[in-house]
*Asks:* 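Here's a structure for you.
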Amino acid sequence: MTPHKLDTSVRAIREWLARSVKSLGNHSDRLNAINVFPVADGDTGSNLYLTARAGHDAISKLESDDIGGFLEVAARASLESARGNSGTLLAVFLSGLSEPWSGHERLTAPLLALGLERAKVRSWSALSEPVEGTMLSVINAISLAAGSTLAHLKTDPDSRAALDAVLTQMSQAAQLAVRGTEAELPSLVKAGVVDAGAVGMLIIIDELCAAIRSESTEFDSYDDFHGYRSQDPHIHMTEETESGVEVMCTVSLDALGAATLRGQLDSMGNSVIMSPVNQLEEDTYRWRVHVHVPDAEPALELIRKHGDPVNISVTDLCTHDG
């Protein structure tokens with residue numbers, strides 16, 4: 001028997017995005033404080049909040065019965081306005097999640113599992129050098145949990161009880177994945193904290209579960225995460241920061257151009273993330289590009305050789321805005 005009255009419509013997706021913006025805003029200071037990977041610049045919480053807000057703003061007046069199409073509008077807006085590594089990965093996650101949902105009016109357990117698997121593939125493939133112990137670990141964990149739960153169900157997979165069971169296992173898997181991040185990366189081990197982006201993704205998953213169940217969200221368990229209690233100092237301020245800048249832009253590329261640009265950016269800098277925003281022609285997409293480089297101009301000059309970048313942002317990696 002399902003103990004929850006589940007809302008599986010667009011209304012729940014709208015509520016999820018609104019809840020996520022609010023909670024990421026409320027937690028942004030703590031997320032900023034423990035932000036030590038990939039760069040200790042104290043802005044993970046701010047970046048997640050601003051990216052999620054851009055997505056929510058895009059659907060604030062949108063009316064639709066299509067849960068996938070609705071979420072796709074938010075995902076595209078998030079990608080266009082993505083901030084930092086964490087914000088870009090959040091936008092890619094939302095984009096992947098929306099794809100299998102397109103054309104559906106109700107969320108089911110199989111549809112949720114399909115969306116999470118697609119989101120995992122999109123998120124991991126967007127990075128040139130994906131790293132465990134980050135948001136990716138949480139995305140991987142919830143996708144595996146959803147698939148495993150679905151495979152072992154003894155009830156109708158399309159039932160609300162099945163969806164509720166998947167939500168429960170997802171939330172538990174995400175919590176465990178966050179706790180595991182502390183031991184997976186040397187910089188997190190040294191600082192004695194969990195990964196800020198992973199906690200941010202947990203917030204988003206907990207809010208998804210709560211929105212579908214029409215329940216309030218409990219964050220008391222977060223106090224047990226190392227470094228996350230409110231009295232702890234801004235740990236990122238004690239870490240060495242990476243010099244250079246973060247460059248982000250949107251550019252239209254065909255498949256070969258995108259692959260070539262990615263390889264060239266890998267040689268020039270690090271933290272390269274490239275993800276398609278939307279398709280323009282048969283083999284051409286608008287791509288959101290993210291890279292950390294010593295100096296912005298050589299990177300922008302390289303990108304301009306492949307296309308005309310727009311929505312350009314350049315941020316000093318040494319700036320602490322936590």
Side-chain angles (χ1 to χ4, degrees), residues 27-48 83-90 92-93 120 123-144 173-205 221-248 262 265-274 290-294 315-322:
H27 286 257
S28 61
D29 281 350
R30 298 313 313 147
L31 295 174
N32 288 341
I34 62 170
N35 171 203
V36 297
F37 182 88
V39 182
D41 52 359
D43 61 3
T44 289
S46 303
N47 288 339
L48 285 170
R83 306 288 189 98
N85 294 62
S86 56
T88 304
L89 275 178
L90 168 58
V92 173
F93 172 82
K120 180 183 75 172
S123 299
W124 281 78
S125 62
L127 287 100
S128 291
E129 297 180 0
V131 176
E132 290 275 12
T134 62
M135 291 174 70
L136 292 178
S137 294
V138 177
I139 294 171
N140 190 53
I142 59 177
S143 175
L144 290 173
Q175 282 264 355
L176 289 172
V178 170
R179 295 182 189 282
T181 61
E182 181 187 348
E184 292 188 72
L185 291 171
S187 58
L188 300 182
V189 173
K190 178 183 175 184
V193 297
V194 291
D195 181 68
V199 180
M201 181 55 65
L202 174 62
I203 290 171
I204 291 158
I205 296 307
S221 62
Y222 288 34
D223 287 341
D224 294 333
F225 295 149
H226 286 173
Y228 206 70
R229 291 187 299 275
S230 60
Q231 65 267 32
D232 286 339
H234 270 228
I235 294 160
H236 80 269
M237 297 294 286
T238 66
E239 298 296 308
E240 293 182 6
T241 59
E242 179 180 337
S243 61
V245 294
E246 172 187 76
V247 175
M248 298 191 67
R262 182 194 288 270
L265 289 175
D266 281 336
S267 299
M268 180 178 287
N270 53 53
S271 292
V272 176
I273 308 176
M274 289 183 60
H290 169 285
V291 63
H292 292 174
V293 288
T315 306
D316 189 341
L317 292 173
C318 296
T319 301
H320 294 287
D321 57 3

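The analysis underlying the following values was restricted to heavy atoms, covering all of them including side chains, and did not include hydrogens, waters or symmetry mates. Here the structure is a predicted model, which means the values were calculated and not measured.
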*Asks:* Ignoring hydrogens, what is the shortest heavy-atom contact between L202 and A174? Give both atom names and the distance.
*Replies:* CD1-CB, 3.5 Å
*Asks:* Between the side chains of R262 and S128, does any donor sit under 3.5 Å from an acceptor?
*Replies:* yes
*Asks:* Using the side chain to side chain donor-acceptor pair (under 3.5 Å) criterion, which residues pair with S137? Sequence neighbours excluded.
*Replies:* E132
*Asks:* What distance separates E246 CD from N85 CG, expressed to the nearest 0.5 Å?
*Replies:*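 The distance works out to 6.0 Å.
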*Asks:* State, with a plain yes or no, whether a side-chain heavy atom of I203 is found less than 4.5 Å away from one of L31.
*Replies:* yes
*Asks:* Measure the shortest side-chain to side-chain distance between D224 and R179 over non-hydrogen atoms and say whether it is less than 4.5 angstrom.
*Replies:* yes
*Asks:* Are I34 and F225 close enough that some pair of their side-chain heavy atoms sits under 4.5 Å apart?
*Replies:*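 No, every pair of side-chain atoms sits at 4.5 Å or beyond.
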*Asks:* Closest heavy-atom contact between P294 and M268?
*Replies:* CD-O, 3.9 Å
*Asks:* Atom NZ of K120 and atom CD1 of I142: how far apart are they, to the nearest 0.5 Å?
*Replies:* 10.5 Å
*Asks:* Within the 4.5 Å heavy-atom criterion, are E129 and N270 side-chain neighbours or not?
*Replies:* no
*Asks:* Could you check if a side-chain atom of M135 sits within less than 4.5 angstrom of a side-chain atom of L48, using non-hydrogen atoms only?
*Replies:*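 Yes. Closest side-chain heavy atoms under 4.5 Å.
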*Asks:* Can you name the residues that form a side-chain contact (heavy atoms from CB on, under 4.5 Å) with E182, not counting sequence neighbours?
*Replies:*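 E182: side-chain contact (heavy atoms from CB on, under 4.5 Å) contacts with V194, H226.
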*Asks:* With a 4.5 Å cut-off on side-chain heavy atoms, are M201 and F93 touching?
*Replies:* yes
*Asks:* Using side chain to side chain donor-acceptor pair (under 3.5 Å) as the criterion, list what pairs up with S143, not counting sequence neighbours.
*Replies:*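 Scan of S143 (side chain to side chain donor-acceptor pair (under 3.5 Å), adjacent residues dropped) gives E117.
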*Asks:* Taking all non-hydrogen atoms of both residues into account, name the closest pair between D43 and N35 and its distance.
*Replies:* N-OD1, 3.0 Å
*Asks:* List for me each residue that meets side chain to side chain donor-acceptor pair (under 3.5 Å) alongside S125, sequence neighbours excluded, and say none if there are none.
*Replies:* none
*Asks:* Is a side-chain donor or acceptor of N32 paired with a backbone partner of S46 at a separation under 3.5 angstrom?
*Replies:*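 Pair found, side chain donor or acceptor close to backbone of S46.
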*Asks:* Can you list the residues that meet the side-chain contact (heavy atoms from CB on, under 4.5 Å) rule with A198, with sequence neighbours excluded?
*Replies:* V138, V178, T181, D195
*Asks:* Does any part of the side chain of L127, heavy atoms only, come nearer than 4.5 Å to the side chain of L136, both counted from C-beta?
*Replies:*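 L136 vs L127: side chains touch.
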*Asks:* Rounded to the nearest 0.5 Å, what separates atom OG1 in T134 from atom CG in N140?
*Replies:*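 Answer for the OG1-CG pair, T134 versus N140, is 10.0 Å.
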*Asks:* How long is the span from the OG1 atom in T44 to the NE2 atom in H27, to the nearest 0.5 Å?
*Replies:*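 Result: 15.0 Å between the selected atoms.
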*Asks:* Holding to side chain to side chain donor-acceptor pair (under 3.5 Å), I want the full list of residues that pass it with E184, two or more places apart in sequence or in another chain.
*Replies:* none
*Asks:* V36 and K190: side-chain contact (heavy atoms from CB on, under 4.5 Å), yes or no, with the steps?
*Replies:* CA-CA 10 Å; V36 297; K190 178 183 175 184; over 6 Å; no
*Asks:* To the nearest 0.5 Å, how far apart are CD1 in I273 and OG in S123?
*Replies:* 9.5 Å
